[in-house]
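Reading through the structure tokens given below for one structure.
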Amino acid sequence: MLFYYNGGLELLCESMKIHNVNVDLEAGEEKLTMKNLLSWVRTNLIKERPEIFIKGDSVRPGVLVLVNDCDWELSGQLDTTLEEKDVISIVASWQFRRAFSGVRYDVIAQMDAVA
């Protein structure tokens, strides 16, 4: 499956925008979901500051997720079932980039406390 970062989020993955990934299912899992993929991405792709991209089990507000060019909100978000040939695009929106440009690392925790 192809995994694309854009809008600045690629900086969390050593500036690589495109990743061809093969995610193995965990024991007892029958299908790969976005929730499984995001957990795998956090562990295997993101090299620094995962809290900028992921909040809890999901992505932060302002991060657009597309599955085969379709907004994941239309396909079930974390419960979206993924296939081997799917293309996942992760895009930081303008609001997201504006919120985090120039923000110090320690301010993210304060933002979470308010949210």
Side-chain angles (χ1 to χ4, degrees):
M1 133 181 359
L2 285 178
F3 197 87
Y4 290 90
Y5 283 106
N6 211 339
L9 288 173
E10 67 275 6
L11 298 174
L12 302 178
C13 300
E14 299 177 336
S15 296
M16 290 182 58
K17 287 189 174 192
I18 302 171
H19 302 266
N20 191 356
V21 300
N22 184 14
V23 181
D24 294 324
L25 293 174
E26 294 183 21
E29 296 284 335
E30 294 181 19
K31 58 187 177 181
L32 180 65
T33 64
M34 278 301 298
K35 184 175 181 178
N36 303 123
L37 178 63
L38 288 176
S39 176
W40 186 90
V41 165
R42 180 181 204 151
T43 303
N44 297 285
L45 287 185
I46 297 179
K47 303 300 181 194
E48 61 181 78
R49 299 172 45 177
E51 65 280 355
I52 289 180
F53 169 58
I54 295 177
K55 182 176 180 182
D57 290 337
S58 192
V59 295
R60 284 192 163 278
V63 174
L64 176 63
V65 179
L66 303 173
V67 178
N68 300 320
D69 293 327
C70 180
D71 190 334
W72 78 325
E73 291 186 7
L74 301 174
S75 63
Q77 294 180 313
L78 292 173
D79 296 326
T80 301
T81 301
L82 302 171
E83 304 286 331
E84 183 179 337
K85 300 289 183 182
D86 285 342
V87 176
I88 313 302
S89 302
I90 307 292
V91 181
S93 69
W94 178 83
Q95 293 89 348
F96 180 87
R97 290 191 306 269
R98 183 173 162 215
F100 283 101
S101 65
V103 175
R104 291 190 340 250
Y105 180 71
D106 59 332
V107 174
I108 295 169
Q110 295 173 359
M111 291 173 65
D112 283 341
V114 174

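What you see is a predicted model, and the numbers here were worked out from it, not measured in a lab.
Expressed to the nearest 0.5 Å, how far NZ of Lys31 lies from CG of Leu25 amounts to 11.0 Å. Distance CG/Leu38 to OG1/Thr33: 8.5 Å, rounded to 0.5 Å. Atom OG1 in Thr81 sits 9.5 Å away from atom CG in Asp86 (nearest 0.5 Å). Atom-to-atom distance recorded for Ile54:CD1 and Arg42:CZ is 5.5 Å, nearest 0.5 angstrom. Atoms CG and CG, on Leu66 and Asp71 in that order, are 6.0 Å from each other to the nearest 0.5 Å.
Contact annotation: the side chain of Val87 never approaches that of Asp69 to less than 4.5 Å [non-hydrogen atoms, C-beta and beyond]. Counting only heavy atoms from C-beta outward, the side chains of Trp72 and Leu78 approach each other to under 4.5 Å. Considering only heavy atoms from C-beta on, Trp40 stays 4.5 Å or farther from Leu32 through its side chain. Using a 4.5 Å cut-off on side-chain heavy atoms (C-beta onward), Leu82 and Ile88 make contact.
Asp57 pairs by the salt bridge (Lys or Arg N to Asp or Glu O under 4.0 Å) definition with Lys35, not counting sequence neighbours. Residues passing the side chain to side chain donor-acceptor pair (under 3.5 Å) test with Thr80, sequence neighbours excluded: Ser75. By the salt bridge (Lys or Arg N to Asp or Glu O under 4.0 Å) test, Lys47 is found to be paired with no residue, residues two or more places apart in sequence or in another chain being considered.
Of all non-hydrogen atoms in Leu45 and Val21, the two that sit nearest each other are CD1-CG1, 4.2 Å.
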Decide yes or no on side chain to side chain donor-acceptor pair (under 3.5 Å) for Asn36 and Ser39, but give the supporting numbers first.
CA-CA 5 Å; Asn36 303 123; Ser39 176; over 6 Å; no
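More than 12 heavy atoms of other residues, nucleotides or ligands shown are found within 6.0 angstrom of CD on Glu29.
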